[in-house]
Every structure is written in structure tokens, then in C-alpha cells.
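The next block holds one structure in the form of C-alpha cells; read it before the comments.
Note on naming: letters A, B, ... go to the chains in the order of the sequence lines (proteins, then strands), and numbering restarts at 1 for each one.
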Amino acid sequence: MSTLELSEQEIIRRKSLEELNKLGINAYPAAEFKTTHLSTEIKQEFDPAKDNLKEVVIAGRIMSRRIMGKASFAELKDAEGRIQIYLNRDDMCPGEDKTLYNTVFKKLLDIGDIIGVKGFIFQTQMGETTLHVQEMTILSKSLKPLPIVKEKDGKVYDAFSDPELRYRQRYVDLIVNEGVKDVFIKRTKLMNSMRQFFNERGYLEVETPILQSIPGGAAARPFITHHNALDIPLYLRIANELYLKRLIVGGFDGVYEFAKDFRNEGMDRTHNPEFTVMEIYVAYKDYKWMMDFTEEMVEKIALDLHGKTDLQVGDKTIDFKRPFKRISILDAIKEHTGIDVSGMNEEQLRAVCGELEIEIDDSMGKGKLIDEIFGEKCEGNYIQPTFITDYPVEMSPLAKRHRDNPELTERFELMVNGKEICNAYSELNHPIDQKERFEEQMRLSEKGDDEAMFIDHDFVRALEYGMPPTSGMGIGIDRLTMLMTNSDSIQDVLFFPQMRPEKRIVPDSDEKFTELGIAPEWVEVIRKIGFSKVDALKETKPSKLFQDLCGYNKKNKLGLKNPSQDDVAAWLA
RNA sequence: GACUCAGUAGCUCAGCUGGUAGAGCAACGCCCUUUUAAGGCGUGGGUCCAGGGUUCGAAUCCCUGCUGAGUCACCA
């Protein structure tokens, strides 16, 4: 590794690592390091009046250092939080040899290094619970400097805030930015809360195929891949709905799955190409039952995560206390536009869209038009949790027709903060109706609606054997997590949101450069001025390269003997 | 896919109508035994995202590209 490519601080840290080696200290020891406490446990258990906690071992990452001659303070961060440690030269090094403190701690350790310490707990004059170090072990040396984030009275200074760096190097984000970890802990708690809710009721967590030969259950552009042995195309699933319903046909009364789904569509604040959905199907229930069930579940999640139901989300307070408001989509449209669209035909709906200045196109049928009106004029108004019910049949090919109106379906979506987070039906179990609805989707697809669905004949066959009346519900885990953690971007609730890959140029070896006749001392300079590849170098003009090399030599006072212009021309020949 | 904004030291950011790059933190050296955004004195550190153009001269102006963010389009 060429040192010219490393920053000054990285070079210094590599030298410190060598120095540790010379002192016989392995900066990456193999042995288990047994700790007795976590930082939070110490803060809870320590009682200055009792003067307890005399033998404590903790491990963590050095986050700050305040060196004051023969004594120092540092902050260690472990999995649970931060705790201050106090290092005193003569306590750490009782004998003549003060190397461990003077050299190892003060000179060779850095912010970011992981150490283990043993000592006793005390309280400083400032009232800070602190571990007084008697023994110190290096557990891992950090070779790259961490961003330094400081904080006083809740105000954060020099936050590590570049979103690109935060998402690409999430590990750094997690180390230095307080609160990031908590979002992800809440995400897991949310899923555990749901699991518990389902398991208590006897529903079975299952796994269904991610690689599917027909990407069914939703309408979206899939990612496509290829299976070599079978020599067939396969798709990453866009939904798991049809597989879960096959299991209901097979005789399970309640099945659920936390599913990673994949859609090959645009990315924005609420869309990532891979995302997580929880879907649950329960036999002998209808969508009204499912509304009660969903309500109870969402309320429980809020309580499990926050101990209360009213949460601050952005500048709004959202209350997840049941019951949630329920309104049919047609009533919602009436409420927000004053227009009653029930019973209207396609032509009349088009006229309404014109009146409301909603953009539409020829491929849209009745259902889609109603959906557009709702999306444009109503959706954003539902801040508090609201069930929107009874969607038109055209936009719900997997939902059962409404018991009172065959134009509508028994379907609901849960709207919170103006966004859909959940979608549920009384599932269509009439095999002939289902087949016809799929065929209708095909016609829409031929009409140009690229959201229409593929037909899954095996699924229809399963329905032909008979599926009990069933209600199903799907809920977007990422979006629910956003609500429950007050995050305004999906990227903040995914550890590793999708990014364009970094370009990594592998530099050519020294030999490839010296083979051209270039003197070894100039190779690093050539790299530094931007040529890591011999091929790129050969493209450049000798005169420009000559000037750049001499200029760099002079500017950086390298003191190298400049090559002649002829030398440079010979290298590139 | 369209538009807008951004990219300067390890991090956060200044840098005016073009004139050889600045601060704080971090780093390095020295001082300091209960500090906490520790403090004091001193020092080093930059292909100013990349490539072209205009100019005597470009971090700065123009064009192209790369990366990211935002808005829209798309999105059961």
C-alpha cells in the first residue's frame, strides 16, 4: 500500500500500530475478553453512598479523550451507551515503568480504538459516574479517524451529516450519531411486537418463495434473474400474497410472513427497491374483523414502543388509540370534493377529473379514475389513523366483491399521516370470479396499464379446490417504522438503503509503471497527480505530464531531480 | 425520466464582483492529577468531485460528466 494514498492521520495510526507491535502488544488479540458490566448497568447500580462496584470490567470504543498530564479522562462507548473512564498514570503503572500510560495510552491510542478496562467506580467532583482504570487492554486498533461529533446541553456540534457518507458507511453513522441505533432497535421491537400479537392468537409464521416464476400478488415491475440449471427466467417476488393464500387452501387457519419484496421502480423518500411487508391471512374472517384486528395491533405496537399512543411525527401529533375513523372511499371523495361519484360511469368520472384538474390518460378505467381522485384530493388529509374502505372492483383484483354492492370490494387501507401503510381485503375465494378478474387485468395491461397483473393459473387451481372465506392484511414495515420513529425518509429505517455502487479503481502495480522506464521515485508522484492506470497515463500528452510532474515536485518541495522532457516522452512512447 | 441545489483538510463549514486556499474540531509537539464541546502555547495537513472552455490568471465564470439530496413524474 502506497503511503501517498493515505491521509496524514491514517499514516500516523499505522505507525502507532507498529510501535505497539514493537512493545510486544498485539492490537488485535484473539482471546475472549470477559466483561462484568455494560455502561448502563454501571450507571444504574452505582450508589456513591454505598461505594459499591469495586471490581468492574467493561469494553468499548474510545469516543473522546481529555489528557491532563499525569491523569486523563476518556469516554468509552459500548453497546448500550457511553461511560467516562479515568486514567491515572501511577494507578495504571504502579512500578517504575510508566510506558502503559505515557506511551501506550497517551501516544499510541486514538479516538476510535476499542479497549477493555478493569477498575472501580467512583463519582467525580462534577458528579459524573466514572470508572477508575487499574488495568487496560487493547482489543482493536482503529486505523481510520472517526468523524468527531460533540454535544453539549443537547446541542450537537459538527454532526456527521452528509447523507451519502451516512448511508454508505452506516457503521460510522451508528458509532458517532446518537439516536441512529435506537431507530433500528425500535424497528426490531416493532416486528417482535407484531410476532407476539400473532403467535398469541395461534397464527403460524411461514416462509414462501422469494424466487418466483410468476411475479404475482401485486402489480409492479419485477426484478428478473435466470436459473441456470432449469434454464428459466425467475423473478424476485413483488408480493407473497398468492402463496400465503395457497397455504390457507392447504388447511392452515392463520399464516403470516415478514417478507422482503422487490420492485424495480423509482426510489424516493418512501420507496426502496427492496422493502419489508408483513402479510397475514386468517380463515373464516372478513375485512371488518380485520379492521378491528389491525387497530388493536397498531395500538399495541405504539404502546410497546413508546408506552403511549400519541406520538410526535414531524410537526404533527398522531394518536394511535383505537378505534380509528372508518370511511368509504366514495364518502371520502364526497367529503373532500363535494362530489358524489357513486354510480358514475367512466365518462362521467372523466368529466369530474377534468373539473378537479386531475391529470388522467386513456388507459385509466373506472377504478383507476376513482383512485386518482382519492389520491389527489383526499389521501393527504388523513393524518390521524383512518380506514378507507370499499374500493372499486377494478382496482382490487384479489378482493371479494362487496356484500351490498358488486361494483365495490370488501377492502380497506389504513391511512396515517397522509400515507397508506396497510392494505387488506375479504379475500376473493370464488375461483371463476378470480379467473375473470385476472383476465380483466390482462385486458388493462394490453390497454397500456403497466401495473396490471400477471395471471397465476396454479393459484386459480388452488381456489378451485376451495378456500375458506378469509381475510388478509399487508402492512409496510418500513413505513410503519418511519411513523413509529419519526423518520422522514425510508433510508433512515433501513440499515443499508440502496445506493449506486461506489466506483473503485484498482491502481496498477509499481512494476507496470517502471516497465515503461519510469524512475521508481516518480511512480508515486504520477499516482498522486491522478494516474493510477498505465493506460490512462499513455493517453496524456508528454508536455502536459512533464509540466505537471515538475510542478508537483516544486510545489510539494519533494526535492526530486526533474526528468527531461525527452525522458517523459520516452515513457509514453 | 425532468428540474433545482450541493460536492473545498479526517469531520462540519467559510471563501464577495476571477488575483497563489481559511476557521473550529480531529492530528502532531510541549505544559497540565477529578476534566467533560476541558484549557494554554506552537506545528503540520488540500488533484478546491472529474474533464474541457473563457482568461495574463479559475475553488470562483461557461459547458459536459460523476455522486448525492430535494421537488415532480412513476409507484396496490
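- The C1' atoms of B:A23 and B:U35 are separated by 25 Å, rounded to the nearest whole Å.
- Between B:U34 and B:A38, the distance separating the two C1' atoms is 11 Å to the nearest Å.
- Pair assignment for B:C61: B:G53, on the basis of Watson-Crick or G-U wobble contacts that are both within less than 3.5 Å.
- Between the side chains of A:His132 and A:Asn88, no donor-acceptor pair is found at a separation under 3.5 Å.
- Atom pair A:Gln123:CD and B:U36:P shows a separation of 16 Å (rounding to whole Å applied).
- Note: A:Tyr86 and A:Phe73 have tilted aromatic rings, judged against thresholds of 30 and 60 degrees for the angle between ring planes.
- Looking at heavy-atom distances under 4.0 Å, A:Ala239 makes no contact with the nucleic acid at all.
- The nucleotide whose nearest atom lies closest to any side-chain atom of A:Asp110 is, among B:U71, B:A69, B:C28, B:C28.
- Among the protein residues, A:Leu146 comes within range of no part of the nucleic acid, since none of its heavy atoms lies under 4.0 Å from any strand.
- Donor-acceptor pairing under 3.5 Å, judged by distance alone, is present between the side chain of A:Gln9 and the base of B:A26.
- Judged by a 6.0 Å distance limit and a 45° cone about the ring axis, A:Arg411 is not positioned over the six-membered ring of A:Tyr425.
- Side chain of A:Arg237 to backbone of A:Lys260: a donor-acceptor contact under 3.5 angstrom is found.
- Taking atom C1' in both B:U47 and B:G42, one finds a spacing of 30 Å when rounded to whole Å.
- Judged by Watson-Crick or G-U wobble contacts below 3.5 Å, the nucleotide B:U36 has no partner.
- In this structure, B:C41 forms a base pair with B:G29, meeting either the Watson-Crick or the G-U wobble geometry with both donor-acceptor distances under 3.5 Å.
- Across all strands shown, nothing is found opposite B:G46 as a Watson-Crick or G-U wobble partner with both distances under 3.5 Å.
- When rounded to the nearest whole Å, the span between CG of A:Leu6 and C1' of B:A27 equals 15 Å.
- Of the side-chain N and O atoms in A:Gln491, one or more sit less than 4.0 angstrom from OP1 or OP2 of B:A69.
- B:G18 and B:C3 have their P atoms separated by 27 Å, given to the nearest Å.
- Base pairing of B:A14: no nucleotide in any strand meets the Watson-Crick or G-U wobble criterion (both distances under 3.5 Å).
- A straight line from NZ of A:Lys107 to C1' of B:A26 spans 16 Å, rounded to a whole angstrom.
- Atom P of B:A58 sits at a distance of 12 Å from the matching atom of B:G53, rounded to the whole Å.
- The interatomic distance linking A:Phe120 (CZ) with B:U34 (P) rounds to 14 Å, in whole Å.
- Along RNA chain B, the nucleotide nearest A:Leu165 and the nucleotide nearest A:Phe73 are compared for position; the residue whose nucleotide lies closer to the 5' end is A:Leu165.
- Considering only the side chain of A:Phe122, B:U34 comes nearest among B:U34, B:A26, B:U35.
- A donor and an acceptor atom never sit less than 3.5 Å apart when one is taken from the side chain of A:Ser161 and the other from the base of B:U12.
- The side chain of A:Ile12 lies closest to B:A27, out of B:U33, B:A27, B:U67.
- Nucleic acid contact class of A:Asp90 (heavy atoms, under 4.0 Å, all strands): base.
- Rounded to whole Å, the C1' atom of B:G15 lies 9 Å from the corresponding atom of B:U8.
- Straight-line distance between the P atoms of B:G24 and B:G40: roughly 11 Å, to the nearest whole Å.
- At whole-Å resolution of the value, CG in A:Asp173 and P in B:G68 are 17 Å apart.
- Applying the 4.0 Å criterion to OP1 and OP2 of B:A26, one finds that A:Lys150 has a side-chain N or O inside that range.
- Side-chain N or O atoms of A:Lys107 include none that pairs as donor or acceptor with a backbone N or O of A:Ser16 at under 3.5 Å.
- Rounding to whole angstrom units, CZ of residue A:Arg65 and C1' of B:A37 are separated by 17 Å.
- As judged by a 4.0 angstrom heavy-atom cut-off over every strand, A:Asp268 is placed among the base-contacting residues.
- Rounded to whole Å, the C1' atom of B:G68 lies 11 Å from the corresponding atom of B:C49.
- With A:Tyr235 as the aromatic partner, A:Arg221 does not meet the cation-pi criteria of under 6.0 angstrom to the ring centre and within 45 degrees of the ring axis.
- The side chain of A:Arg500 contributes an N or O atom lying less than 4.0 Å from OP1 or OP2 of B:G68.
- When each of B:U71, B:U35, B:A37 is scored by its nearest atom to the side-chain atoms of A:Met126, the top-ranked nucleotide is B:U35.
- For A:Asp158, the side-chain atoms get nearest to B:U12 when compared with the rest of B:U12, B:U33, B:A37.
- Across all strands shown, B:G68 forms a Watson-Crick or G-U wobble pair, both distances under 3.5 Å, with B:C5.
- In terms of phosphate contacts, A:Lys106 brings no side-chain nitrogen or oxygen within less than 4.0 Å of OP1 or OP2 of B:G29.
- In this structure, A:Arg13 reaches neither bases nor backbone, as no heavy-atom distance under 4.0 Å exists between it and the strands shown.
- Between A:Arg168 atom CZ and B:G7 atom P there is a gap of 18 Å when expressed in whole angstrom units.
- Going from atom CD of A:Gln84 over to atom P of B:U34 covers 12 Å, rounded to whole Å.
- Here B:U71 is the nucleotide among B:U71, B:U34, B:A37 with the atom lying nearest to any side-chain atom of A:Arg269.
- In this structure, A:Met290 CE and A:Cys422 SG are separated by 8.5 Å, a value rounded to the nearest 0.5 Å.
- Residue-level contact check: A:Glu394 touches neither bases nor backbone, having no heavy atom under 4.0 Å from any strand.
- Two residues, A:Thr270 and A:Lys152, neighbour RNA chain B, and the one matched to the more 5' nucleotide by heavy-atom proximity is A:Lys152.
- An OP1 or OP2 oxygen of B:U35 is reached within less than 4.0 angstrom by no side-chain nitrogen or oxygen of A:Arg66.
- Side-chain proximity of A:Phe160 to B:A69, B:U12, B:A27: nearest is B:U12.
- The residues A:Arg61 and A:Asp78 are annotated as not salt-bridged, no charged nitrogen and carboxylate oxygen being separated by less than 4.0 angstrom.
- Side-chain proximity of A:Thr130 to the nucleotides B:A26, B:U35, B:A37 is greatest for B:U35.
- Ring pair A:Phe105/A:Tyr101 is parallel by interplanar angle, where below 30° counts as parallel and above 60° as perpendicular.
- Scanning atom types as modelled, one donor and one acceptor separated by under 3.5 angstrom connect the side chain of A:Glu128 and the base of B:U36.
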